[in-house]
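These notes are about the structure you will find just below.
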Amino acid sequence: MTEEAQQKIRSMVDMAMNYVVEPQPLVVPAVPETLDALVEQLSSGLSLNDSAAVTPAAEEEVWDGEAFGVRLAGLGKLVSNDITKVSLACKPPADPKVVIGMMDGLAESCFRLAGFVDSIPVKVAGQTYKREVQVLANDIFIAVAGLLNEFLDQKVEKVLQIQQQKSVIRGAVEGLHSGGSSLPSKSGSEAGAGKAGEGAKDGYLVKTGIVWEACEIFESASRSNRQAVAKKWGDMMSTMEDAIAEVQDMIDSNDDKKDTDNDGAGSDNDEDSGNESDDSWNDEEEKLTEEEKQLSIRANAFLKLTRLLFKKLQQRCLDTQPTTSVDSSSSVTLKPSDLARMWDQLYDRAKGIVALLLQELSRKNHDCILVGRLFVRGQAEHEKWMDMCEAQSKKILDTVLQQ
C-alpha cells in the first residue's frame with residue numbers, strides 16, 4: 001500500500017478517535033425533603049445550568065425521540081455498510097486509489113454520526129439517554145479506529161491501549177456474570193498476545209465483526225430517557241438480587257454448618273482441614289454467632305424491602321408513560337424537560353443506593369486487607385495475594401459503577 005494511502009488511513013484513525021467523547025456526567029438538582037417542595041421545584045422551571053432560569057412551556061424545544069432514534073439507527077447502518085466496503089478495499093492486495101476513496105466515504109459517515117449525537121438536546125431528551133447514546137457511539141468510533149489500525153504499517157499506540165482496557169473490563173464483567181473466579185489465570189496482555197499469534201493477517205476480519213456488532217447495538221439504542229433509565233434500572237435490580245442471594249446463601253450455609261456440628265460429623269477432620277491452602281478463594285468460612293446471624297437476617301430484610309421499592313418504582317415510573325399533570329388540584333403541568341429530569345433524578349438516587357452498598361463493601365474489604373498486610377509483612381507470596389485481591393476488588397467495583 002502506498003504512503004499516501006497509509007496516511008489517509010492514519011488520518012481516519014485520528015478522526016475517529018477525536019469523535020470519542022467523555023460521556024456526560026449525570027447532574028441533577030437535589031431532591032427536596034417533601035413532596036410539596038418537589039412540586040415547587042418543578043414549577044419553578046429549574047434548568048441544569050442556572051437554578052433561577054425559567055423556561056416557559058411554549059418556548060421549550062420540541063424533540064421527537066422516536067424519529068430521532070430512527071435517524072440514529074440509519075446512521076449506524078450507514079457506518080456499518082461503509083466499514084464493509086473499507087474492509088474489502090483495504091485487505092491485501094489493496095488498490096491505493098480505492099482505499100483513499102473509501103476513506104472519504106467513511107469519514108463523511110462518521111462525521112454525520114458524531115454531529116447527530118452531539119445535537120441531542122439534553123434538557124428535553126434527558127441526561128441518561130444522551131449518555132447511553134454517547135457511550136454506544138464511542139464504541140463505534142473506537143471499533144472503527146481499531147479496524148483501520150490493522151491496515152497500518154505503524155500502529156497507533158493509543159488505539160491499542162484503549163482496546164486493551166476495554167478487553168480487561170469486558171473480561172471482568174463476564175467473570176461476574178459467569179460466577180467464576182474473579183482472578184484471571186493470566187494477564188490481559190498475555191491473553192491479547194495469544195490472540196495476536198493466532199493469525200495477524202486475519203485480524204481485520206475480527207475487527208470488522210466488532211464494528212458490525214457495535215453498529216447493531218447502536219441501532220437498538222433507547223428512544224427516550226424513560227427507556228434509558230429502565231435499562232439501567234434492570235442492571236441495578238440484577239446487582240441487588242445478587243446481593244440478596246449472597247447474604248441468604250451465607251445465612252443458609254451457616255445453618256448447614258451448625259447442623260453438621262450438632263450431628264458430630266466432620267469433627268474428625270479438623271486436623272486435616274488445616275492442611276488446605278489458605279490461598280483458595282473458596283476457603284471454609286467460620287460460623288456466624290447468633291448475634292451476627294440475626295444482624296444478617298435483618299440486613300437482608302432491608303435489602304428485600306429496597307428491592308420491593310425498586311420493583312414498584314419500575315412498574316409505576318418506568319414501565320408506563322406518566323401523566324403530564326402533577327395532581328388534580330394543581331395547576332402545574334409537566335413539560336417534556338420536567339419528565340426527563342424526573343427520570344434522571346430517579347436513576348441518580350437509585351444508583352446511589354446500589355453504589356453506596358458496593359463502595360461500603362469495598363471500603364471494609366480494603367480495611368481488612370490493610371490489617372492483613374501487617375500480619376504478612378515480608379512474606380512475598382502472601383503479599384502478592386493481597387495485591388491481587390485488592391486490585392481485583394477495585395476492578396470489579398469500577399466496572400459495576402461505570403455501568
>> Between M12 and C110, is there a side-chain heavy-atom distance shorter than 4.5 Å?
In response: yes
>> I'd like to know if the side chain of R226 reaches the main chain of L318, judged simply by a donor and an acceptor atom lying under 3.5 Å from each other, with no hydrogens or angles considered.
In response: yes
> Are L113 and Y19 close enough that some pair of their side-chain heavy atoms sits under 4.5 Å apart?
Replying inline: no
> Roughly how far apart are M15 CE and L106 CG, rounded to 0.5 Å?
Replying inline: 9.0 Å
>> If you count heavy atoms of other groups shown closer than 6.0 angstrom to CZ of R112, is the number above 12?
In response: no
> Are V98 and M102 close enough, and set up right, to give a side chain to side chain contact (heavy atoms under 4.5 Å, CB included), and what steps lead you there?
Replying inline: CA-CA 6 Å; V98 176; M102 291 300 175; 4.2 Å; yes
> Is there a donor-acceptor contact under 3.5 Å from the side chain of S80 to the main chain of G76?
Replying inline: no
> Are a donor atom and an acceptor atom from the side chains of N138 and Q134 found within less than 3.5 Å of each other?
Replying inline: no
>> To the nearest 0.5 Å, what is the distance between CG on D235 and CE on M240?
In response: 12.5 Å
> Between N300 and S296, is there a donor-acceptor pair closer than 3.5 Å when you use the side chain of the first and the backbone of the second?
Replying inline: no
> Under 30°, 30 to 60°, or over 60°: which ring-plane class applies to F116 and F68, parallel, tilted or perpendicular?
Replying inline: parallel
>> Can you see whether Y204 has K207 sitting over its ring - NZ or CZ less than 6.0 Å from the centre and within 45° of the normal?
In response: no
>> Minimum heavy-atom separation for N225 and A340, please, with both atom names.
In response: ND2-O, 2.9 Å
> Just how far is it from atom CG of D95 to atom OG1 of T2, taken to the nearest 0.5 Å?
Replying inline: 9.0 Å
> Got a second to check how far E241's CD is from L303's CG, nearest 0.5 Å?
Replying inline: 10.5 Å
>> Closer than 3.5 angstrom, by distance alone: can the side chain of E108 be matched with the main-chain N or O of M103 as a donor-acceptor pair?
In response: no
> Which atoms form the tightest heavy-atom contact between K130 and V117, and what is the distance?
Replying inline: CE-O, 3.8 Å
>> Testing the basics here: between C90 and V99, what is the closest heavy-atom pair and its distance to 0.1 Å?
In response: SG-CG1, 3.9 Å
> Within a strict 4.5 Å, meaning less than it, do heavy atoms of the L72 and R223 side chains meet?
Replying inline: no
> Between I9 and M1, what is the shortest heavy-atom contact and its length?
Replying inline: CD1-SD, 3.5 Å
> So, do I162 and M17 sit near enough that their side-chain heavy atoms are less than 4.5 Å apart?
Replying inline: yes
> Would R377 and E383 satisfy salt bridge (Lys or Arg N to Asp or Glu O under 4.0 Å), going step by step from the backbone distance to the final call?
Replying inline: CA-CA 7 Å; R377 284 177 299 174; E383 287 181 333; over 6 Å; no
> Can you tell me if D139 uses its side chain to pair, donor with acceptor, with the backbone of A214 under 3.5 Å?
Replying inline: no
>> Please check: side-chain N/O of D344 versus main-chain N/O of T128, any donor-acceptor pairing under 3.5 Å?
In response: yes
> Any idea which heavy atoms bring R10 and L152 closest together, and the distance?
Replying inline: N-CD2, 3.8 Å
>> Please give me the minimum heavy-atom distance between V135 and P23, naming the atom from each residue.
In response: CG2-CG, 3.7 Å
> By side chain to side chain contact (heavy atoms under 4.5 Å, CB included), which residues pair with D104, not counting sequence neighbours?
Replying inline: K8, I100
> If you measure from CZ on F302 to CD1 on I244, what distance do you get to the nearest 0.5 Å?
Replying inline: 11.5 Å
>> Here's a test for you: under side chain to side chain contact (heavy atoms under 4.5 Å, CB included), which of I142, D82, L147, V86 qualifies with V211?
In response: L147
> Does the E4 side chain pair with the main chain of P96, one donor and one acceptor, at a distance under 3.5 Å?
Replying inline: no
>> As an exercise, state the distance from CZ of F375 to CE of M386, rounded to the nearest 0.5 Å.
In response: 9.5 Å
> Within a strict 4.5 Å, meaning less than it, do heavy atoms of the K351 and K232 side chains meet?
Replying inline: no
>> Checking M236 against Y347 for the side chain to side chain contact (heavy atoms under 4.5 Å, CB included) test, could you report, in this order, the C-alpha distance in whole Å, the side-chain angles of both residues, the deciding distance, and whether it holds?
In response: CA-CA 10 Å; M236 292 188 297; Y347 171 52; 3.8 Å; yes
>> Walk me through whether R341 and Q127 qualify under side chain to side chain contact (heavy atoms under 4.5 Å, CB included).
In response: CA-CA 8 Å; R341 190 180 73 198; Q127 298 179 65; 5.9 Å; no
> Where the side chain of E390 meets the backbone of I369, is there a donor-acceptor pair that is under 3.5 Å apart?
Replying inline: no
> Is atom NZ of K155 surrounded by more than 12 heavy atoms (other residues, nucleotides or ligands) closer than 6.0 Å?
Replying inline: yes
> W212 and T84: side-chain donor and acceptor closer than 3.5 Å?
Replying inline: yes
> Does the E132 side chain pair with the main chain of S222, one donor and one acceptor, at a distance under 3.5 Å?
Replying inline: yes
>> So, applying side chain to side chain donor-acceptor pair (under 3.5 Å) with Q294, which one of E291, E290, R298 is it?
In response: E290
> Counting only heavy atoms not in K91, do more than 12 fall under 6.0 Å of its NZ?
Replying inline: no
> Between the side chain of S11 and the main-chain N/O of Q7, is any donor-acceptor distance below 3.5 Å?
Replying inline: yes
> Ring centroid separation for F310 and W233, is it under 6.0 angstrom?
Replying inline: yes
> Above 12 or not: heavy atoms from other molecules or residues under 6.0 Å from CZ of R349?
Replying inline: yes
>> Can you confirm whether more than 12 heavy atoms, excluding those of E246, are under 6.0 Å from its CD atom?
In response: no
> Does the side chain of L313 reach to within under 4.5 Å of the side chain of C317, using non-hydrogen atoms?
Replying inline: yes
>> So I297 and I251, do their side chains get closer than 4.5 Å, heavy atoms only?
In response: yes
> Do K77 and E216 have side-chain heavy atoms sitting under 4.5 Å apart?
Replying inline: no
>> Does Q379 have more than 12 heavy atoms from other residues, nucleotides or ligands lying within 6.0 Å of its CD?
In response: yes
